[in-house]
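Right, one structure below, let's go through it.
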Amino acid sequence: MKVGDIIDRLNGRESLVVLAKRLGIMPHTLSKKLRLFGYEYDSKKKKRVFVGEGEEPREQSIFGEVPLSKAAEVPDYQKLMYEELRYIRSLLENRPIYNALSEAEEQRARRTFTLPVSLLQHLDAASAKRGIQKSRIVEAALRLFLRENKW
């Protein structure tokens, strides 16, 4: 089916879902292909309009290849995700609490301390919210305190 026929049917109030089913593709795929061809839905006009560059591709098949200039605009999500994760990791590595938590494992010993109930409630909430063990949080806070006070 040609892109122009699909646009005419959609603008004639035929459902995208029904049309996609007739074509044998998923509605999301049809919508994405139309966007790649340069069509977008105009909510004021209540129809799909051509907003792309150059000549309107009404005679092209929906199953044909998308123009290279349009296909090049599609972001590489894996690359974006990798860059975002790398950025988040760099932000975390610059936080003192992360550095204190990530220090090398040492031999551990058990001690008992008494703390105010309100402080323990904050510790419980922080542990639950961050998903970090309470002993790790106390260890990181103590390391920071000792480091700042040069003990």
#### Entry: Result of checking H28, R35, K33 against S31 for side-chain hydrogen bond (donor to acceptor under 3.5 Å, both in side chains)
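With S31 as partner, H28, R35, K33 yield a single side-chain hydrogen bond (donor to acceptor under 3.5 Å, both in side chains), made by R35.
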
Does [X] reach the side chain of [Y], with side-chain heavy atoms less than 4.5 Å apart?
{"X": "K32", "Y": "M26", "value": "no"}
{"X": "I7", "Y": "F50", "value": "no"}
{"X": "M81", "Y": "R86", "value": "no"}
{"X": "I62", "Y": "L34", "value": "yes"}
{"X": "K45", "Y": "V49", "value": "yes"}

Would you say the side-chain atoms of [X] pair up with the backbone N or O of [Y], donor to acceptor, closer than 3.5 Å?
{"X": "N11", "Y": "R48", "answer": "yes"}
{"X": "N149", "Y": "F145", "answer": "yes"}
{"X": "S61", "Y": "K2", "answer": "no"}
{"X": "K47", "Y": "Y41", "answer": "no"}

### Message
Salt bridge or not between D8 and R58? Use side-chain N to carboxylate O under 4.0 Å.
### Response
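Judged by the 4.0 Å cut-off on N to carboxylate O distance, D8 and R58 do form a salt bridge.
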
### Message
Does this structure show an ion pair linking K134 with E139, if we count only N-O contacts that are shorter than 4.0 Å?
### Response
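Judged by the 4.0 Å cut-off on N to carboxylate O distance, K134 and E139 do not form a salt bridge.
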
### Query
Step by step, would you call E14 with R22 a salt bridge (Lys or Arg N to Asp or Glu O under 4.0 Å)?
CA-CA 12 Å; E14 191 168 338; R22 275 194 208 139; 2.4 Å; yes

Path from [X] to [Y] over hydrophobic side-chain contacts below 4.5 Å:
{"X": "L123", "Y": "V117", "result": "no"}
{"X": "F63", "Y": "L19", "result": "yes"}
{"X": "V138", "Y": "I132", "result": "yes"}
{"X": "V18", "Y": "L23", "result": "no"}
{"X": "M1", "Y": "L30", "result": "yes"}

#### Entry: Euclidean distance, F113 CZ relative to L120 CG, rounded to 0.5 Å
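Here the interatomic distance stands at 12.5 Å.
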
